[in-house]
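Below is one structure, written out as structure tokens; the observations come after it.
Only this structure's heavy atoms are used, side chains among them; waters, hydrogens and symmetry mates stay out. Indexing begins at 1, ligand by ligand and atom by atom, following the structure's order.
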Amino acid sequence: MTKLSVNINKIATLRNARGGNNPDVTQVALDAERFGAEGITVHPRPDERHIRYDDVMKLKEVVTTEFNIEGYPDERFMEIIRIVKPAQATLVPDPPNVLTSNSGWDTIAHQDRLKDIIAELHEYGTRTSIFINPEVKYFEPAKLTGTDRVELYTEPYAVLFPNDKEQAVAPYIEVAKLAQDLGLGLNAGHDLDLDNLKFLIQRIPHIDEVSIGHALICDALYYGLENTIQMYRRQLEMD
Ligand SMILES: CC(=O)[C@@H](O)[C@H](O)COP(=O)(O)O
Ligand SMILES: NCC(=O)COP(=O)(O)O
């Protein structure tokens, strides 16, 4: 069954808004695991707008489910991975000033660089995933990088879903089958929520892991974190 990794970036956004330690990012991660999260995801960005690098060091000591660290593989990111050796590192091609992640890798143009980075991450025993658009041309090159998994960038799916769910999911079904044929593990993330998640999983049941943050934390403002995590877990259960 598809696992739920809770992205706690936005907990750090709220904490940073007042400069103290409330909410306590580390405590929220522990509670999220207790409430049913099967992984914790963080995305330390170069400007540390939310998750800070020292958050990552503290989380390393306490996360007992799968720790997934996302980010652009600059020197600081690679250094934190060398130290933390998380269960998974998800490489994202974000430039420093981007509002949020908005594209997957060009695995053709960046194949050699990704291959070197992935080989280094494997030396640490870290599983690798690379953020990818639902475009067929990028999948065989992704396989050639040696990555264990790809993460489907699902914002385009989320945007189109309200108007035409079948059209929204069609490209993802195609590339998910290709990933399976290539022996690539399959993650998915970005803008998944309580409305669009179940349909994606019904159409692509072999997704290994979804990482969900923004919508889940927003939902928790109304339903509470424990209830919300359970609501998302129920969306992942097969009928
Ligand atoms: C890679 C991705 O789509 C998300 O994991 C990303 O972490 C979202 O970043 P923000 O929380 O900074 O919007
Ligand atoms: N990899 C996607 C992720 O971790 C969270 O994305 P979002 O749910 O905050 O859009």
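With a 6.0 Å radius and a threshold of 12 heavy atoms from other residues, nucleotides or ligands, K3 has its NZ atom at or below the threshold.
Taking R113 as the reference, Y72 meet the side-chain hydrogen bond (donor to acceptor under 3.5 Å, both in side chains) condition, with sequence neighbours excluded.
Taking every non-hydrogen atom of S101 and a distance limit under 4.0 Å, the qualifying atoms of ligand 1 come out as 1 (C), 2 (C), 3 (O), 6 (C).
Between the side chains of S211 and N7, no donor-acceptor pair of N or O atoms lies under 3.5 Å. Between the side chains of N16 and R52, a donor-acceptor pair is found at a separation under 3.5 Å. Between the side chains of E33 and T65, at least one donor-acceptor pair of N or O atoms lies under 3.5 Å.
Residues lining ligand 2 at a heavy-atom distance below 4.0 Å are given as N7, T41, E70, E151, G189, H190, D191, S211, I212, G213, H214, ordered by chain and residue number.
The closest approach between any non-hydrogen atom of K10 and ligand 1 is below 4.0 Å. Within the structure, ligand 1 lacks R49 among the residues with a heavy atom less than 4.0 angstrom away.
Pairing each heavy atom of F131 with each of S103, the nearest pair is CD2-O, 3.4 Å. Taking both residues in full, the closest heavy atoms of L152 and Y172 are given as CD1-CD2, 4.0 Å, listed atom of the first, atom of the second, then distance. Closest approach of P44 to Y53, counting heavy atoms only: O-OH, 3.9 Å. Heavy-atom minimum distance, R49 versus L99: NH1-O, 2.8 Å.
A side chain to side chain contact (heavy atoms under 4.5 Å, CB included) with L184 is found for exactly one of L182, L186, N187, namely L182.
Closest to atom 8 (C) of ligand 1, if we only count protein heavy atoms, is T100 OG1, 3.5 Å. Remark: minimum distance from atom 11 (O) of ligand 1 to any protein heavy atom is reached at N9 ND2, 2.8 Å. Ranking the protein heavy atoms by distance from atom 4 (C) of ligand 1 puts E70 OE1, 3.5 Å first. In terms of protein heavy-atom proximity, atom 9 (O) of ligand 1 is closest to R45 NH2, 3.0 Å.
Between H43, H190, H50, H214, it is H43 that holds the heavy atom closest to atom 7 (O) of ligand 1.
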